Enquirer: 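This is the structure, below, for whatever I ask next.
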Amino acid sequence: MLRVSPDGKEVWVQTAEANTNVVLDASNLAVLATQPCGRQPVTNAWTRDRRYSVLTNGQDTFAQIFDARTFKEVKRLTIGQGAANIGFSKDGRPAFIALRGANEVGVIGLGRQALVSRVLA
């Protein structure tokens, strides 16, 4: 999967076989950073303030929060097996992560950077 950053300056690519997140410069595709991920990273999404990027791992039990400016991991959240897509509430405070393995949605409190609940889907 890949996503273009909200400002259009970077392309974040999740490489499922290498288990990495690669950040590319959108203007010339130069590699800006490569960070390790869990098994089979799926996708990422930025917080509304664009400070963090949340990344999911399809074959692991955790999601990762990366600093969107330094591209470094700042938090690893145990959320459950099979994390997939990410969405945010209208106010941008909680993030919602689909957990395929449990047929649930993990609710992430971004202020605390913690799993606050799991809801049956």
Side-chain angles (χ1 to χ4, degrees):
M1 181 66 81
L2 65 85
R3 300 225 182 201
V4 177
S5 63
D7 62 9
K9 293 181 180 180
E10 300 132 18
V11 179
W12 288 46
V13 183
Q14 291 75 48
T15 59
E17 289 186 23
N19 297 324
T20 59
N21 181 65
V22 180
V23 181
L24 305 173
D25 182 309
S27 66
N28 60 16
L29 300 181
V31 175
L32 301 174
T34 301
Q35 295 292 331
C37 296
R39 293 184 312 260
Q40 198 177 34
V42 176
T43 192
N44 76 296
W46 287 267
T47 57
R48 286 185 78 196
D49 64 5
R50 300 179 182 162
R51 181 167 181 201
Y52 299 105
S53 179
V54 180
L55 185 139
T56 59
N57 297 292
Q59 296 296 318
D60 232 316
T61 59
F62 60 89
Q64 294 164 273
I65 299 176
F66 287 89
D67 183 307
R69 295 177 203 135
T70 66
F71 315 127
K72 298 203 182 300
E73 182 180 339
V74 295
K75 185 80 173 198
R76 192 169 283 205
L77 303 172
T78 300
I79 59 171
Q81 186 73 31
N85 288 325
I86 308 163
F88 296 91
S89 67
K90 188 174 181 179
D91 68 6
R93 291 188 182 153
F96 304 98
I97 299 176
L99 301 171
R100 295 177 313 206
N103 201 31
E104 293 180 328
V105 174
V107 181
I108 307 300
L110 292 169
R112 295 185 344 206
Q113 295 184 349
L115 176 69
V116 294
S117 66
R118 289 170 58 138
V119 179
L120 189 59

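Bear in mind that the values here come from a model prediction, so they are computed numbers and not experimental data.
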Enquirer: Keeping the roles fixed (side chain from T34, backbone from V22), state whether a donor-acceptor pair exists under 3.5 Å.
Expert: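 No, T34 side chain to V22 backbone: no donor-acceptor pair under 3.5 Å.
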
Enquirer: Determine the minimum heavy-atom distance between A84 and T43, stating which atoms define it.
Expert: O-CG2, 3.6 Å

Enquirer: Of all the heavy-atom pairs spanning D67 and W12, show the shortest one and how long it is.
Expert: O-CH2, 4.4 Å

Enquirer: Looking only at non-hydrogen atoms, find the nearest pair between G8 and V4 and report the distance.
Expert: CA-CG1, 3.8 Å

Enquirer: Can you give me the closest heavy-atom contact between A16 and P41, atom names plus distance?
Expert: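 A16 and P41 have their closest heavy atoms at CA-CD, 3.8 Å.
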
Enquirer: Side-chain heavy atoms under 4.5 angstrom apart, residues restricted to Ile, Leu, Val, Met, Phe, Trp, Tyr: same cluster for V74 and L110?
Expert: yes

Enquirer: Please round to the nearest 0.5 Å and tell me the distance separating atom CG of L24 and atom CD of E10.
Expert: 9.5 Å

Enquirer: Would a hydrophobic clustering, with Ile, Leu, Val, Met, Phe, Trp and Tyr connected at side-chain separations under 4.5 Å, put V54 with F66?
Expert: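 V54 does not cluster with F66.
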
Enquirer: To the closest 0.5 Å, what do you measure between OH (Y52) and CD (E73)?
Expert: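 Reported value, rounded in 0.5 Å steps: 13.0 Å.
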
Enquirer: Apply side-chain contact (heavy atoms from CB on, under 4.5 Å) to residues I97 and L77 and explain how you reach the verdict.
Expert: CA-CA 11 Å; I97 299 176; L77 303 172; over 6 Å; no

Enquirer: Would a single hydrophobic cluster contain both L115 and V107, if residues Ile, Leu, Val, Met, Phe, Trp and Tyr are joined by side-chain heavy-atom contacts under 4.5 Å?
Expert: no

Enquirer: Going by side-chain hydrogen bond (donor to acceptor under 3.5 Å, both in side chains), N57 matches just one of Q64, Q14, R39. Which one?
Expert: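 Going through Q64, Q14, R39 one by one, the side-chain hydrogen bond (donor to acceptor under 3.5 Å, both in side chains) with N57 is satisfied by Q64 alone.
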
Enquirer: Rounded at 0.5 Å granularity, tell me how far CZ in R69 sits from CZ in R50.
Expert: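 It is 11.5 Å, given to the nearest 0.5 Å.
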
Enquirer: Could you check Q40 against E17 for side-chain contact (heavy atoms from CB on, under 4.5 Å), going step by step and ending with a plain yes or no?
Expert: CA-CA 7 Å; Q40 198 177 34; E17 289 186 23; over 6 Å; no

Enquirer: Can you measure from CE (M1) to CG (N85) and round to the nearest 0.5 angstrom?
Expert: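 Reported to 0.5 Å precision, the distance equals 6.5 Å.
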
Enquirer: Does V105 belong to the same Ile/Leu/Val/Met/Phe/Trp/Tyr cluster as I86, with side-chain heavy atoms less than 4.5 Å apart forming each link?
Expert: no

Enquirer: List the steps, then state whether side-chain contact (heavy atoms from CB on, under 4.5 Å) holds for S53 with L55.
Expert: CA-CA 6 Å; S53 179; L55 185 139; 5.6 Å; no

Enquirer: Would a distance-only check, ignoring hydrogens and angles, find a side-chain to backbone donor-acceptor pair under 3.5 Å from D60 to F62?
Expert: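 Side chain of D60 to backbone of F62: no pair is present.
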
Enquirer: Between T15 and T20 (side chain of the first, backbone of the second, donor and acceptor by atom type, cut-off under 3.5 Å), is there such a pair?
Expert: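 Confirmed, T15 side chain pairs with T20 backbone.
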
Enquirer: Report the distance from atom CD of E104 to atom CZ of R118, rounding to the nearest 0.5 Å.
Expert: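 It is 4.0 Å, given to the nearest 0.5 Å.
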
Enquirer: Please determine whether residues L2 and V31 belong to a single hydrophobic cluster, defined as Ile, Leu, Val, Met, Phe, Trp and Tyr linked transitively by side-chain heavy-atom distances below 4.5 Å.
Expert: yes

Enquirer: Could you grab the distance from atom CZ of F96 to atom OG of S89, nearest 0.5 Å is fine?
Expert: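 Between F96 CZ and S89 OG, I get 5.5 Å after rounding to 0.5 Å.
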
